[in-house]
Protein chains: 2
Amino acid sequence: MATRRERLREQTSAEIKAAALAQLREGGAGALSLRAVAVSIGMSPAGLYRYYPNRDALLTDLITDGFAALAQEVARARDAAKGDAFVAAALAYRGWALDHPHEFALLYGTPVPDYEAPESGPTSTASRQVGAAFVPPITEAWHRGTLKHRESTPALTTFAAAMGLPPEAAAVAFSAWTTIHGLVVLETFGHLAWLGENPTPLATSRFRALSEDLGIAPPEN
Amino acid sequence: MATRRERLREQTSAEIKAAALAQLREGGAGALSLRAVAVSIGMSPAGLYRYYPNRDALLTDLITDGFAALAQEVARARDAAKGDAFVAAALAYRGWALDHPHEFALLYGTPVPDYEAPESGPTSTASRQVGAAFVPPITEAWHRGTLKHRESTPALTTFAAAMGLPPEAAAVAFSAWTTIHGLVVLETFGHLAWLGENPTPLATSRFRALSEDLGIAPPEN
DNA sequence: GTTGCAGTGCGATCAGTGTTCACACATTCA
DNA sequence: TGAATGTGTGAACACTGATCGCACTGCAAC
């Protein structure tokens, strides 16, 4: 049973996070100032420290939420796909990154120096959900027997075992995810500006080719 | 003819850059403090502004140098390769990133908000040298006729024309570079920590597979 | 029902940041 | 020699994240 105080605390906590997220979306993590967050919710800067021990803790919360949002978006697109679910998932990954560049940068950009996310911490588990969102279409293809063989390594087989996957599927999933991420991160961070104004067709054709090359694409009906 | 003053200025400028680079390598761009740089070369903080108009200008200089160093390292490994020059280049790319994580983060990590590198600025041209370092083995494969066909797009054909490449080779180069970058950036930024202590065999096998799948790998003699 | 305690918020304050400005010194050139 | 230009300094400003002691409030036990 939530006492009045617990409810208020929960509410204030959410308000802080919402204000921080708004600031993040405007100017990125570098422009996120605790003081600005505090005044935007009508609070003293010092008061924030009753809710978050420091700035990093607040960012960690935002990171966790960001991974969850990205994973959910990818899974949603995958499940709603008419044709190739893998391509749909990849496009959703890219779309979320382009729609939320500052949040994406917080997730996959420059890591905080000397900060190593604890192996079982909230950010690590949330991060793995993103990769996992790409897996189902790949296991389906594995059951169909169309999956291209990829050499697996010890590291990957343990990973596969942990996720209850056949090693071949894990190797393919790893290839696929890192490949998609490469294109998306370069584009989102502005390193593909020389490609011109509309790189969407290029990305789409890349993802389709990837799906076919790896044998993930479902047969045309 | 360099006057005495010009020589001194050049020297001080280099000293500042060297001190900044040292700080960057220790704690990353976030921990690079102008004041610390100033005192480390025995100068007043304000004096730095005679050489760099602001902090971003100093970072821009470091970025330019970083791209050049990375491109040079990749090119060196490619030219010195005994077997597959493309795989050697990819491994050099990864090796440089792992050896200089903070510099790599400065190049390809979270971009500065609202900062868009001018199309013909020093950072843009330096950045393109990195991608270009991967091209020669691909054009060789194109001449051999082993290159896998990749669907090209208008954006890529203009790029190919600008670099004097056949569009097919440009499409393959683009695929290859983004794929390599995906693996490297995830590993360098710590998102593949769950892979265990030694991901090098995995990376190597990935690069070899990429080279073969794209038809870049030279025939075994 | 009062008393005491934990939770909550605030103002003042500290160390540190990038940056600016007026001033002093050194170098260069006429 | 004198004027102009370049170079470096110390003080200051407006920020930042963070800490501390003091007040106030909700709550729970006596």
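Below, read A as the first sequence line, B as the second, and so on, with proteins coming before strands; counting in each chain starts at 1.
The stretch residues 34-49 of chain A touches DNA chain D through A:L34, A:R35, A:A46, A:Y49, each having a heavy atom under 4.0 angstrom from the strand.
Legend: salt bridge (Lys or Arg N to Asp or Glu O under 4.0 Å) pairs involving residues 41-53 of chain B, not counting sequence neighbours: none detected. For residues 43-64 of chain A, there are no ring pair (Phe, Tyr, Trp, His ring centres under 6.0 Å) pairs, not counting sequence neighbours. The side-chain hydrogen bond (donor to acceptor under 3.5 Å, both in side chains) analysis of residues 66-80 of chain B, with sequence neighbours excluded, yields the pairs B:E73-B:R76.
The outermost nucleotides of DNA chain C lying under 4.0 Å from heavy atoms of chain B, listed 5' to 3', are C:dT17 to C:dT28.
Applying the side chain to side chain contact (heavy atoms under 4.5 Å, CB included) criterion to B:A69, with sequence neighbours excluded, gives B:W96. Scored by the side-chain hydrogen bond (donor to acceptor under 3.5 Å, both in side chains) test, B:T200 finds B:R94, B:N198 as partners (sequence neighbours excluded). Taking the side-chain hydrogen bond (donor to acceptor under 3.5 Å, both in side chains) definition, one finds that A:R206 meets it with B:S175, B:T178, B:T179, sequence neighbours left out. Residues meeting the side chain to side chain contact (heavy atoms under 4.5 Å, CB included) test with A:P101, sequence neighbours left out: A:T188. Looking at residues two or more places apart in sequence or on another chain, you find no salt bridge (charged side-chain N to carboxylate O under 4.0 Å, His left out) involving A:D99.
A:Y52 comes within 4.0 angstrom of nothing in the nucleic acid, heavy atoms only. When heavy atoms are screened at a 4.0 angstrom cut-off, B:L32 is found touching the sugar-phosphate backbone but no base atom.
More than 12 heavy atoms of other residues, nucleotides or ligands shown are found within 6.0 angstrom of CZ on B:R9.
As a whole-Å value, the separation of B:I16 CD1 from D:dT7 C1' is 11 Å.
In terms of phosphate contacts, B:R50 brings no side-chain nitrogen or oxygen within less than 4.0 Å of OP1 or OP2 of D:dG6.
Residue A:S33 places its side chain closer to D:dG17 than to any other of D:dT7, D:dG17, D:dA18.
A distance of 7.0 Å separates CG in A:L165 from OG1 in A:T139, rounded to the nearest 0.5 Å.
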List, one per line, each side-chain donor-acceptor pair under 3.5 Å for residues 84-93 of chain A, sequence neighbours excluded.
unit_1, atom_1, unit_2, atom_2, d
A:D84, OD1, A:F86, N, 2.9
A:D84, OD1, A:V87, N, 3.3
A:D84, OD2, A:S211, OG, 2.5
A:Y93, OH, A:H181, ND1, 2.8

(request) Take nucleotides 24-30 of chain D nucleotide by nucleotide from the 5' end and write B, S or -, depending on whether a protein heavy atom sits under 4.0 Å from the base, only from the sugar-phosphate, or from neither. (result) -BBS---
